[in-house]
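This is the structure, below, for whatever I ask next.
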Amino acid sequence: MAKEGLFYAFLLWREKHIKEKHFILIISFLVGICTATSALLLKTLIHFFQHLLTGNFNVDEANYLYLLYPVVGILLAGLFVKYIVRDDISHGVTKILYAISQRKSRIKPHNVWTSIVASSVTIGFGGSVGAEAPIVLTGAAIGSNLGRLFRMEQKTLMLLVGCGAAGAVAGIFKAPIAGLVFVIEVLMLDLTMTSVLPLLISSVTAATMSYIFTGTEAMFAFSQTEVFEIRRIPYVLLLGVFCGLISLYFTRMMNRVEGIYRRLGTYWRKFFLGGVMLSVLIFIFPPLYGEGYDTIGALLNGQYTNIMDKSFFYNLHDTYWGVIMFLSLILLTKVFASSATNAGGGCGGIFAPSLYLGCIAGFVFAHTSNYFPFTMYISEKNFALLGMAGIMSGVMHAPLTGVFLIAELTGGYDLFLPLMIVSISSYITILMFEPHSIYSMRLAQKGELLTHHKDKAVLTLLSMDSVIEKEFQVVSPEMTLGDMVKVIAKCGRNIFPVVDERGVLLGVVLLDNIRNIMFRPELYNRFHVSKFMVSAPAKLYVNMPMDQIMQTFDDTKAWNLPVVDEQDHYIGFMSKSKIFNSYREVLVDNFSGD
């Protein structure tokens, strides 16, 4: 109690002596330090497990422990989540988007540490996913819970969630600009004068912490030995289209495979199928083990001959088409390995798989093109780097994040122009087929996605419960006109829902439709509600997204519409006036000051 008293005293002192906008900057600095520390801890744990388990593997032959380690990893992670966490911690970025859209930016406190434990075991033991989405969820949880600790309002909590995500990306990649751009593009927070400084502080602080503890060199050592020439731009455009199509394949296939796992039902069925699929794929294609950053480093430095180490295909490492076929099969199977990892009980994201696929796609594109004598020679190293930006832009629908992240990851700033070209062309290609990123498509299908479109964002933040009116007088179809007149005399409404004994909505009675007979007593016992009721112009269902509800109002030209559940049981009415009033309240509470 004494500690609580001191803390409340501090909050009161802070309110008197530190302005709100200045205190937000202090918290964003703390968020940057905490997220960088979390990122460093996660990377250290992953590398420790990987070195411990695979450090003594044979290079020139298959290693059968590849069949065991990934299964053990997802089993340990799955049991940890199932029996200790007891909450779903997968799809970290999707959870952040949902928290921003629906939960007033509140992320559960356990997310500060549980994703670190689960993902380090998953990836360290070979799970074919990335550590970035878990650490982004961790960073967002740090921002959210620090904000709640200091009693910040909801709009500030949303900003601090963004600060945590920006700090996580900046800390794990040593990429401060990419951290800022990621929050704007992927998490879809509006960039305003009040938000840009806290985001920058968190990003720069986290990146600086990473520089202090891991050095200032880029995450991937890349030396541009071949200057990019303007006449190679057509090849860059074609690479962008190729990356867009690979991104589409990865996005669509991941959703289908995840759907198959969801239909399996029980945890142990998912684990069994996921474990078998993952271990077999990694045994056949060892580069699928873990994040795959060793493969990226090798391809960026032109050392592709060692890609087939520790596999059945070692003897083909010095053949041209052997390398192409091996990497092409990895392009096709990576999505199955990543899906099996998460669905089987593991914890990880698709940041690293996107970078991994992009590097291989760019290399395969250039390596294949250079085989034909009538084509211009293109640098395989440069195109491997460009492919990373292309796939990331396509999968995440974030071309700016792709450009700045790859430039900061590799130090390839001299390739800014082709990076932008490949990112834009990849993004445009996938946009023709898939309007939402792999992160946002699940929420978009449910109408729960917050977007940069302010009108749609406000509608998304509206709660249906807050706009349903339930004080309408219910009538039954057997009631006489006389009974109806008595109901009208006690009620100030001009519309009345008609329901049967089960509560199912049958229609409505409109006051205007019976005005000509309601003052004729001789008709009171001759007419029943079933005779003069009419069908509602449309029904609104409780799970309908708000933008679809507004579209229904526009289509029917109605001012009031009934709300029912999935079995057509009457719940209440929704009116345009109530929605507009709530709209103005949400607009003022969440978007004022932009």
Side-chain angles (χ1 to χ4, degrees), residues 39 42-43 46-47 92-93 119 123 127-136 168-175 177-179 181-182 185-186 218-222 239-240 242-244 246-247 249-251 254 285 287-301 304 307 327 330-331 333-335 337-338 341 348-366 380-412 415 418-419 422-423 426-427 430 437-439:
L42 178 56
K43 290 173 70 174
I46 290 172
H47 293 156
V93 177
S119 60
I123 301 168
S128 193
V129 285
E132 294 75 24
I135 202 62
V136 168
V169 173
I172 201 163
F173 285 129
K174 294 195 281 191
I177 300 176
V181 175
F182 170 81
E185 274 195 311
V186 179
M219 186 170 173
F220 296 114
F222 175 77
L239 174 63
F242 179 62
C243 288
I246 293 292
S247 302
Y249 165 77
F250 183 79
T251 301
M254 175 160 281
F285 305 108
L288 293 175
Y289 188 97
E291 296 170 297
Y293 284 165
D294 291 341
T295 300
I296 293 176
L299 294 179
L300 289 179
N301 287 283
Y304 58 87
I307 295 297
L327 292 178
I330 288 178
L331 275 180
T333 56
K334 176 67 173 178
V335 64
S338 297
T341 302
I350 54 96
F351 251 102
S354 297
L355 296 173
Y356 179 82
L357 285 175
C359 188
I360 293 177
F363 177 85
V364 168
F365 180 89
E380 293 168 355
K381 292 168 51 179
N382 289 356
F383 271 63
L385 183 144
L386 297 178
M388 293 166 69
I391 296 291
M392 176 153 284
S393 300
V395 171
M396 296 169 54
H397 282 223
L400 287 177
T401 302
V403 171
F404 285 105
L405 180 61
I406 304 310
E408 291 183 293
L409 268 178
T410 62
L415 294 173
L419 279 172
V422 75
S423 294
S426 174
Y427 175 64
I430 193 172
S437 73
I438 197 168
Y439 295 132

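Just so it is clear, the model here is predicted, and its values are computed rather than measured. Residue indices begin at 1 and follow the sequence shown.
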Test log, rule side chain to side chain contact (heavy atoms under 4.5 Å, CB included), inputs Leu355 and Ile406: CA-CA 9 Å; Leu355 296 173; Ile406 304 310; 3.4 Å; yes

Supply the atom-to-atom distance Ile135 CD1 to Leu42 CG, rounded to the nearest 0.5 angstrom.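 Spacing of CD1 (Ile135) from CG (Leu42) equals 5.0 Å.
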
If we ignore hydrogens and angles and just use 3.5 Å, is the side chain of Thr341 paired with the main-chain N or O of Gly127 as donor and acceptor?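 No: the side chain of Thr341 does not pair with the backbone of Gly127.
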
Assess whether side chain to side chain contact (heavy atoms under 4.5 Å, CB included) is satisfied between Val403 and Val181, documenting all intermediate values. CA-CA 10 Å; Val403 171; Val181 175; over 6 Å; no

Verify whether the ring centers belonging to Phe242 and Phe383 lie closer than 6.0 Å.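 Judged by ring-centre distance (under 6.0 Å), Phe242 and Phe383 do not meet the cut-off.
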
Mutual orientation of the aromatic rings belonging to Phe220 and Tyr293 [parallel < 30°, tilted 30-60°, perpendicular > 60°]: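 Plane angle over 60°, so perpendicular.
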
Minimum heavy-atom distance between Glu291 and Ile123, given as atom pair plus value: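 Closest approach of Glu291 to Ile123, heavy atoms only: CG-CG2, 3.6 Å.
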
Distance (rounded to the nearest 0.5 Å) between Thr333 OG1 and Phe285 CZ: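 So the OG1 of Thr333 and the CZ of Phe285 are separated by 5.0 Å.
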
Hey, are the side chains of Val335 and Tyr249 touching, using non-hydrogen atoms and a 4.5 Å cut-off?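 When only atoms from C-beta onward are counted, Tyr249 and Val335 do touch, with a gap below 4.5 Å.
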
Are the side chains of Phe250 and Ile350 in touch, meaning some heavy atoms are under 4.5 Å apart?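 In short, these two side chains touch, coming nearer than 4.5 Å.
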
What closest approach, in Å, do Cys243 and Ser426 show between heavy atoms, and which atom pair accounts for it?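 It is C-OG, 3.7 Å.
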
Partner of Val395 under side-chain contact (heavy atoms from CB on, under 4.5 Å), chosen from Ile438, Ile246, Leu357: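 It is Ile438; the other options fail the test.
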
Measure the CD1-CD1 distance between Ile391 and Ile430 for me, rounded to the nearest 0.5 Å.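 It is 8.5 Å, given to the nearest 0.5 Å.
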
Does the side chain of Leu419 come within less than 4.5 Å of Leu386's, by heavy atoms?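 Touching, per the 4.5 Å side-chain cut-off.
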
I need the minimum non-hydrogen distance between Ser338 and Pro353, along with the two atoms involved.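 So the minimum-distance heavy-atom pair works out to OG-CG, 3.7 Å.
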
Looking only at non-hydrogen atoms, find the nearest pair between Ala133 and Phe351 and report the distance.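 Nearest pair, atom of Ala133 first, then Phe351: N-CD1, 4.1 Å.
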
Does the Tyr356 side chain pair with the main chain of Thr295, one donor and one acceptor, at a distance under 3.5 Å?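 No, Tyr356 side chain to Thr295 backbone: no donor-acceptor pair under 3.5 Å.
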
Donor-acceptor contact present, side-chain Ser128 to main-chain Leu288, <3.5 Å: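 It does hold such a pair.
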
Between OG of Ser437 and CD of Glu185, what distance do you get to the nearest 0.5 Å?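 The CD atom of Glu185 is 10.5 Å from OG of Ser437, to the nearest 0.5 Å.
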
Under 3.5 Å, is there a donor-acceptor pair between the side chain of Glu132 and the main chain of Ala352?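 Flag set: sc Glu132 to bb Ala352 pair under 3.5 Å.
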
Does any part of the side chain of Asn382, heavy atoms only, come nearer than 4.5 Å to the side chain of Pro418, both counted from C-beta?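 When only atoms from C-beta onward are counted, Asn382 and Pro418 do not touch, as no gap falls below 4.5 Å.
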
Distance-minimising heavy-atom pair for Thr401 and Met396: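 Closest approach of Thr401 to Met396: CG2-CE, 4.3 Å.
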
Above 12 or not: heavy atoms from other molecules or residues under 6.0 Å from CG of Asn301?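 Correct, the count exceeds 12.
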
Met392 versus Ser423: any side-chain heavy-atom pair under 4.5 Å?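 No, too far: nothing below the 4.5 Å cut-off.
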
For Gly394 versus His397, what's the shortest heavy-atom pair and its separation?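 Shortest heavy-atom contact: O-CD2, 3.1 Å.
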
When rounded to the nearest 0.5 angstrom, what distance separates CD1 in Ile360 from CD1 in Ile296?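 Between atom CD1 of Ile360 and atom CD1 of Ile296 there are 8.0 Å.
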
Beyond-backbone contact of Met388 with Leu300, side-chain heavy atoms, under 4.5 angstrom: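 Heavy-atom side-chain distance check passes, below 4.5 Å.
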
Measuring from Ser119:OG to Ile46:CD1, what's the distance to the nearest 0.5 Å?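 Those atoms lie 5.5 Å apart.
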
Is it the case that the side chain of Lys174 and the backbone of Ala218 share a donor-acceptor pair, with hydrogens and angles ignored and the cut-off at 3.5 Å?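 Judged by distance alone, no pair lies under 3.5 Å.
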
